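Worksheet for the structure shown next.
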Amino acid sequence: MDKTTHFGFKDVDTDDKQGLVRGVFDSVASKYDLMNDVLSFGAHRLWKRYTIASSNVKTGDKVLDIAGGTGDLAIEFRKKVGDAGQVVLSDINAAMLDEGRKNLINNGIFGVEFVQLNAQQIPFADNTFDCVSIAFGLRNVTDKDQALKEMHRILKPGGCLLILEFSKTDSEFLKKFYDFYSFSVMPKLGGMIADDEESYQYLAESIRKHPDQEALKSMVLDAGFGFCEYHNLSGGIVALHKGIKV
């Protein structure tokens, strides 16, 4: 790995990024769901619903949700796998996992396992899971290629990887609107609602540094997946990549 990497638009030492990202999510954890609803006008719930519908997860399956945060996907996966299945909600950030536990209890969801882990070093055996998901988390990973290789390793043959992430739109109108919204509105709302303008400035910047749809597709294939496709949502502002281990 290079000795430096990006943290938003800043160059930082590679070894420092994980701690910097942790600081962002420590700060925003308690208001994360509220801010998601406000900033996306509720659309994040539709994007996640589409992700669940695309998963083909069934009763008895084993699912790992990486960077699962407050548990939106884990709740729905738990309903799909039933008592015969297994759902593991993981995050590198302890504060986000705490919020996830609260949300699952408040929704009457039990039987989900919680594991604090780094996506670059996943502590599970080869060929363990039927599905691995990561929603709005991959862009915060320092070594994305290594994380994708780890996701491939722990999936069973035929298993499915789902990456829901902000991406790139080809619409000039959407680009202009989204740039204005991201850099002029999002940080201000972060300051007003979560008392943290700086973290939401970073989150806006991190979206711009994330690989576009075709680049991420190539990364998934390079990690060993035999198949990958993506579907643009909201005009390409968000994309769902689906990889299959063969």
Side-chain angles (χ1 to χ4, degrees), residues 5-13 16-49 51 65-75 89-104 106 116 119 134-142 144 163-169 171 173-212 233-240:
T5 188
H6 60 82
F7 177 72
F9 290 161
K10 302 174 184 175
D11 289 329
V12 299
D13 288 342
D16 293 340
K17 180 171 179 177
Q18 183 175 312
L20 292 168
V21 171
R22 182 185 300 116
V24 168
F25 286 94
D26 280 344
S27 176
V28 304
S30 63
K31 296 291 180 65
Y32 189 73
D33 282 340
L34 173 61
M35 287 298 296
N36 280 347
D37 281 331
V38 170
L39 295 177
S40 74
F41 306 102
H44 77 102
R45 298 182 182 275
L46 300 177
W47 301 330
K48 291 169 183 173
R49 191 178 303 166
T51 301
D65 186 27
I66 298 174
T70 55
D72 290 352
L73 293 183
I75 288 171
L89 171 58
S90 70
D91 204 288
I92 197 170
N93 186 278
M96 293 295 287
L97 277 179
D98 287 341
E99 292 299 318
R101 287 189 187 92
K102 293 175 189 175
N103 281 351
L104 267 64
N106 290 339
Q116 187 173 358
I134 179 167
F136 305 113
L138 186 61
R139 72 181 189 278
N140 297 310
V141 174
T142 303
K144 298 175 182 62
I163 304 170
L164 182 66
E165 190 55 88
F166 291 106
S167 200
K168 305 293 190 296
T169 177
S171 166
F173 170 76
L174 280 177
K175 282 181 184 176
K176 291 178 180 177
F177 169 78
Y178 194 49
D179 282 345
F180 169 77
Y181 184 72
S182 296
F183 295 107
S184 298
V185 178
M186 276 179 56
K188 298 298 183 187
L189 288 173
M192 292 168 56
I193 298 172
D195 195 27
D196 190 345
E197 183 171 333
E198 185 176 351
S199 289
Y200 282 90
Q201 178 72 28
Y202 157 73
L203 292 172
E205 293 175 1
S206 69
I207 293 168
R208 300 316 189 277
K209 299 295 287 186
H210 187 67
D212 65 18
L233 307 173
S234 299
I237 288 175
V238 169
L240 175 66

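All values reported here derive from a predicted model rather than from experimental measurement.
With rounding to the nearest 0.5 Å, the separation of CG in Leu233 from CG in Leu46 is 9.5 Å. Separation of atoms CE (Met96) and CG (Asp91) is listed at 5.5 Å; rounding is to 0.5 Å. Annotation: the span from Asn36 atom CG to Asp72 atom CG amounts to 7.5 Å, rounded to 0.5 Å. Thr169 OG1 to Asp212 CG: the interatomic distance, rounded to the nearest 0.5 Å, is 12.0 Å. Atoms CZ and OG, on Phe41 and Ser234 in that order, are 11.0 Å from each other to the nearest 0.5 Å.
With sequence neighbours left out, the side chain to side chain donor-acceptor pair (under 3.5 Å) criterion links Asp196 to Ser27, Ser199. Taking Asp195 as the reference, nothing meets the side chain to side chain donor-acceptor pair (under 3.5 Å) condition, with sequence neighbours excluded. Under the rule for a ring pair (Phe, Tyr, Trp, His ring centres under 6.0 Å), Phe180 has no partner lying at least two apart in sequence or in another chain.
Within a 6.0 Å sphere centred on CD of Glu198, other residues, nucleotides and ligands contribute 12 heavy atoms or fewer.
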**OP:** Could you walk me through whether Glu205 and Arg208 pass salt bridge (charged side-chain N to carboxylate O under 4.0 Å, His left out), step by step?
**Re:** CA-CA 5 Å; Glu205 293 175 1; Arg208 300 316 189 277; over 6 Å; no
**OP:** Please report the C-alpha distance between Lys176 and Asp179 in whole Å, then the side-chain angles of each, then the deciding distance to 0.1 Å, and finally whether the salt bridge (charged side-chain N to carboxylate O under 4.0 Å, His left out) criterion is met.
**Re:** CA-CA 5 Å; Lys176 291 178 180 177; Asp179 282 345; over 6 Å; no
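Using bins of under 30°, 30° to 60° and over 60° for the plane-to-plane angle, the ring pair Trp47/Phe136 lands in the tilted bin.
Contact annotation: the side chain of Tyr181 approaches that of Leu189 to within less than 4.5 Å [non-hydrogen atoms, C-beta and beyond].
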